[in-house]
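One structure is given here, and the rest of the page talks about it.
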Amino acid sequence: MKFNKYNDNFNIIGTNLKRLRKENKISQEQLSNKISLLGVTLYQSDIFKIEQNQRTVRDFELWAISKVMDVDFNEFFKNVDVKINVISKG
């Protein structure tokens with residue numbers, strides 16, 4: 001399966017995920033274990049790849065991460081500069 005990339009990255013939240021996780025003093029493994037309690041499978045290696053912008057993030061995974069870390073969803077997009085190209089029909 002081919003995924004689209006943005007600036008050669010698979011996601012735009014990886015840097016903020018890593019920062020927020022460290023601020024909350026939670027390891028990748030601990031985060032993985034707590035997420036699994038919500039019924040979402042996200043291995044430690046998946047979290048590593050997300051933080052390195054090497055893996056896409058599904059909406060339910062981001063929901064689970066946000067819930068476990070008790071962090072507002074919008075915090076993952078803080079200081080993310082995304083430019084959207086709009087193509088007009090003419």
Side-chain angles (χ1 to χ4, degrees):
M1 181 185 310
K2 185 176 177 171
F3 289 98
N4 290 330
K5 292 183 180 180
Y6 179 77
N7 287 339
D8 208 32
N9 292 311
F10 283 104
N11 70 67
I12 60 173
I13 67 145
T15 303
N16 283 327
L17 171 58
K18 185 175 184 176
R19 176 182 57 79
L20 291 164
R21 182 180 57 75
K22 288 186 174 213
E23 285 176 4
N24 282 281
K25 296 179 175 68
I26 183 169
S27 71
Q28 292 171 343
E29 186 173 357
Q30 290 169 322
L31 181 58
S32 172
N33 291 338
K34 290 181 180 189
I35 289 170
S36 70
L37 296 174
L38 295 175
V40 176
T41 301
L42 200 59
Y43 299 106
Q44 178 273 328
S45 60
D46 293 324
I47 294 168
F48 173 81
K49 288 177 183 176
I50 292 168
E51 289 182 354
Q52 299 301 311
N53 301 70
Q54 298 172 351
R55 181 188 180 282
T56 58
V57 183
R58 294 174 178 95
D59 54 359
F60 62 88
E61 292 171 337
L62 186 54
W63 167 83
I65 292 167
S66 176
K67 185 116 174 129
V68 164
M69 293 176 55
D70 194 28
V71 172
D72 183 83
F73 187 82
N74 291 310
E75 283 296 309
F76 294 99
F77 299 94
K78 194 174 190 176
N79 299 319
V80 173
D81 185 27
V82 177
K83 307 251 188 301
I84 305 292
N85 292 327
V86 178
I87 301 170
S88 61
K89 290 185 177 184

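What you see below is based on every heavy atom in this structure, not just the backbone, and it leaves out hydrogens, waters and symmetry mates. In this text, all values refer to a predicted model and were calculated from it rather than measured experimentally. Start at 1 with the first residue, then count along the sequence.
Residues that satisfy the side-chain contact (heavy atoms from CB on, under 4.5 Å) test with Lys22, not counting sequence neighbours, are Lys18. In terms of the side-chain hydrogen bond (donor to acceptor under 3.5 Å, both in side chains) criterion, residue partners of Glu23 (sequence neighbours excluded) are, by chain and number, Arg19. Judged as a side-chain contact (heavy atoms from CB on, under 4.5 Å), and not counting sequence neighbours, the contacts of Phe77 are Ile12, Ile13, Leu62, Phe73. By the salt bridge (charged side-chain N to carboxylate O under 4.0 Å, His left out) test, Arg21 pairs with Glu51, sequence neighbours left out. Under the rule for a side-chain contact (heavy atoms from CB on, under 4.5 Å), the partners of Asn33 that lie at least two apart in sequence or sit in another chain are Glu29. With sequence neighbours excluded, the residues forming a side-chain contact (heavy atoms from CB on, under 4.5 Å) with Thr15 are Asn53, listed by chain and number.
Two residues are said to be in side-chain contact when any heavy atoms from C-beta on lie closer than 4.5 Å; Glu61 and Val40 meet this criterion. Between Ile35 and Lys67 there is no side-chain heavy-atom pair separated by less than 4.5 Å. Proximity of Asn11 to Thr56: side-chain heavy atoms (C-beta onward) are nowhere separated by under 4.5 Å.
Within a 6.0 Å sphere centred on CG of Asn74, heavy atoms belonging to other residues, nucleotides or ligands number more than 12. Atom CZ of Phe60 has more than 12 heavy atoms from other residues, nucleotides or ligands within 6.0 Å.
Here OG of Ser45 is found 11.0 Å from CD of Gln54. Values are rounded to the nearest 0.5 Å. Here the straight-line distance linking atom CG of Leu42 with atom CG of Leu31 works out to 7.0 Å at 0.5 Å rounding. If you take CG on Leu17 and CD on Glu75, they are separated by 12.5 Å, rounding to the nearest 0.5 Å. Note that CD of Gln44 and CD1 of Ile47 are 7.0 Å apart. Values are rounded to the nearest 0.5 Å.
Linking Ile, Leu, Val, Met, Phe, Trp and Tyr whenever their side-chain heavy atoms come within less than 4.5 Å leaves Phe48 and Met69 in two separate clusters.
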Walk me through it: do Ile65 and Phe76 pass the test side chain to side chain contact (heavy atoms under 4.5 Å, CB included)? CA-CA 10 Å; Ile65 292 167; Phe76 294 99; 3.7 Å; yes

Assess the residue pair Leu38 and Trp63 against the criterion (side chain to side chain contact (heavy atoms under 4.5 Å, CB included)); give the C-alpha distance rounded to whole Å, side-chain angles, the decisive distance to 0.1 Å, and a yes or no. CA-CA 10 Å; Leu38 295 175; Trp63 167 83; 4.2 Å; yes

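A salt bridge between Asp46 and Lys49 is absent, with no side-chain N of the basic residue lying under 4.0 Å from a carboxylate O of the acidic one.
A donor-acceptor contact shorter than 3.5 Å is absent between the side chain of Ser66 and the backbone of Asp72.
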